[in-house]
Visitor: 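One structure, as structure tokens, below. Some questions next.
Computed from a prediction, not measured in an experiment: that's the story for all the values here. When reading the values below, keep in mind they use all heavy atoms of this one structure, side chains included, and skip hydrogens, waters and symmetry mates.
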Amino acid sequence: MTFLSRLKTIHTKRAVRQLKSSLLALGAGIGISAALVSLSSAHPMQTLAQFFSGPFSAPYYTGSMLNTAALLAFGALGAACAIVSGSFNLGGEGQIYLSGFTASLILSAATPASGLLPAGCVLLIAAAAAFLVSGAIAAFCGMMKVYRNVSELLSSFLLSAASIPLIDAAIAGPFRDAAQNLLATPRIAQELRLTQLLPPSALNISFFAAAALCIACALILYRTQAGKRFRICGSAQEFARYSGLRPQRAVIAGMFISGGMHGLAGFCAAAGTYYCCPQGFYAGMGWNALTAALIARCHPLAIMPACLVLGWLFSAADKAILTNNLTIDVTGIIQAAILLCISAQFIVRIKKEQS
């Protein structure tokens with residue numbers, strides 16, 4: 001057996017092990033959530049049937065499931081880009097919140113009736129602003145890691161935690177829409193909203209944009225020389241340095257792209273789901289996106305299926321809570337179960353490598 005064939009066999013076995021661990025994590029989340037739903041209901045079998053079929057019982061629930069998957073896909077791509085570059089972005093929730101706030105201010109201030117700019121151009125400007133503002137914050141964390149040896153986990157998390165109360169105060173104060181009781185920015189005009197696909201649900205064209213972006217990222221990472229160099233810099237920094245590459249650039253670029261992808265999630269949430277920036281809409285989005293990226297093992301082609309499964313789980317849990325008067329937060333427990341299984345798999349692998 002030649003060296004290349006041996007390397008290919010090792011890579012295939014590793015991919016199979018990773019797939020098994022991801023399926024185990026998903027199975028644990030499904031099993032634990034099903035057990036909690038059945039134990040918390042007076043009619044377990046009926047509740048379980050509604051839990052598994054609930055997201056497909058009506059167009060509204062199906063559209064909500066797909067829309068949740070699309071938002072998670074943008075954030076999961078961001079988390080995956082950071083991990084592939086050798087970093088870790090824990091500021092996803094703050095970046096999603098900031099980008100949604102920025103996009104909502106731009107879109108609510110725009111007046112499409114004036115005819116100065118077409119609605120499509122205004123949407124592109126808002127999306128670019130959301131991408132850049134979140135990308136700049138994440139890139140700053142990457143620069144601090146490269147030039148000051150500051151952990152990007154700590155800096156990204158702290159910047160996110162610091163920005164959230166500031167945005168809350170801005171929404172509750174000068175940028176609040178006084179015409180509605182909800183703590184939110186002014187509503188976005190009908191002409192500047194993303195096109196709905198399955199009314200009355202919030203599903204919009206961002207679902208296809210997320211799927212296309214996953215395919216594009218896979219092609220760039222695995223079919224171009226720049227993508228291969230990027231992956232080498234993230235997985236083997238010393239080897240990259242000896243090969244004449246600069247892994248520091250990959251760290252900063254990866255963090256910038258990571259923040260930008262989270263920014264697109266915030267833009268799509270503001271322009272396609274809420275049509276404003278409600279206070280606290282980001283809750284859980286960043287961590288759920290990170291969960292999807294870990295399930296997919298940071299492979300762009302596996303991110304969309306992972307997000308679809310998580311979207312189904314979360315939508316099923318929400319519908320079970322609404323229709324069966326459940327008092328337990330099933331969605332949080334699902335996320336915790338999946339993350340625990342993935343973390344346990346990583347711990348086992350590290351111990352094996354150390355031994």
Side-chain angles (χ1 to χ4, degrees), residues 60-61 63-75 78 91-110 122-123 125-127 129-131 133-134 137 159-207 210 259 261-289 310-311 314-315 317-319 321-322 329 331-332 335:
Y60 173 79
Y61 295 113
S64 298
M65 176 190 71
L66 296 177
N67 185 62
T68 300
L71 294 178
L72 289 180
F74 285 111
E93 298 207 337
Q95 293 159 17
I96 290 172
Y97 200 14
L98 178 61
S99 59
F101 177 71
T102 303
S104 65
L105 290 183
I106 294 174
L107 294 175
S108 61
V122 178
L123 284 170
I125 291 172
F131 186 95
V133 70
S134 296
I137 292 178
L159 280 177
S160 172
S163 63
I164 286 173
L166 296 177
I167 302 171
D168 285 340
I171 294 176
F175 297 102
R176 181 183 178 183
D177 185 8
Q180 56 179 333
N181 296 326
L182 181 68
L183 281 175
T185 57
R187 302 282 289 180
I188 297 172
Q190 186 70 36
E191 296 85 351
L192 296 177
R193 299 176 182 179
L194 296 179
T195 305
Q196 284 185 301
L197 298 177
L198 197 61
S201 71
L203 180 64
N204 53 77
I205 57 174
S206 65
F207 179 82
M261 292 297 180
H262 284 97
L264 291 180
F267 162 76
C268 292
T273 301
Y274 301 105
Y275 311 124
C276 62
C277 180
Q279 194 178 80
F281 82 88
Y282 65 90
M285 291 180 63
W287 295 108
N288 291 333
L310 287 181
F314 296 146
S315 299
D318 291 339
K319 188 176 185 300
I321 292 173
L322 289 174
D329 185 9
T331 55
Q335 177 189 352

Visitor: Do side-chain atoms of R193 reach the backbone of A270 as a donor and acceptor pair under 3.5 angstrom?
Guide: no
Visitor: Could you state the interatomic distance from CG (N204) to OG1 (T195), rounded to the nearest 0.5 Å?
Guide: 8.0 Å
Visitor: Show the nearest heavy-atom pair for residues A130 and A103, with the distance to one decimal.
Guide: CB-CB, 4.5 Å
Visitor: Between L159 and S163, is any pair of side-chain heavy atoms under 4.5 Å apart?
Guide: no
Visitor: Considering all heavy atoms of both residues, which atom of A70 and which atom of A210 are nearest to each other, and what is their separation?
Guide: O-CB, 3.9 Å
Visitor: Indicate yes or no: at least one non-hydrogen side-chain atom of F175 is less than 4.5 angstrom from one of F101.
Guide: yes
Visitor: Roughly how far, to the nearest 0.5 Å, is the CG atom of N288 from the CG atom of L72?
Guide: 5.5 Å
Visitor: How long is the straight-line distance from CG of D177 back to CG of L183, given to the nearest 0.5 Å?
Guide: 11.0 Å
Visitor: Calculate, to the nearest 0.5 Å, the distance between atoms CG and OG belonging to L310 and S315 respectively.
Guide: 10.5 Å
Visitor: Could you tell me whether the side chain of S160 and the main chain of G94 form a donor-acceptor pair under 3.5 Å?
Guide: yes
Visitor: Provide the closest heavy-atom pair for S108 versus R187 in the form atom of the first, atom of the second, distance.
Guide: CB-O, 3.9 Å
Visitor: Atom CD1 of I164 and atom CD1 of I96: how far apart are they, to the nearest 0.5 Å?
Guide: 10.0 Å
Visitor: Okay, side chain of T185, backbone of L105: is any donor-acceptor separation there less than 3.5 Å?
Guide: no
Visitor: Tell me, which pairs form a side-chain hydrogen bond (donor to acceptor under 3.5 Å, both in side chains) where one or both residues lie in residues 93-102, sequence neighbours left out?
Guide: N89-Q95, Y97-D168
Visitor: Knowing that exactly one of L203, I188, L123, T273 qualifies, which makes a side-chain contact (heavy atoms from CB on, under 4.5 Å) with L194?
Guide: L123
Visitor: Please round to the nearest 0.5 Å and tell me the distance separating atom CZ of F207 and atom CG of L198.
Guide: 11.0 Å
Visitor: Heavy atoms, side chains only, cut-off 4.5 Å: are Y282 and I167 in contact?
Guide: no
Visitor: Side-chain contact, heavy-atom cut-off 4.5 Å: L107 with F267?
Guide: yes
Visitor: Are side-chain N/O atoms of N67 and S201 paired as donor and acceptor at under 3.5 Å?
Guide: no
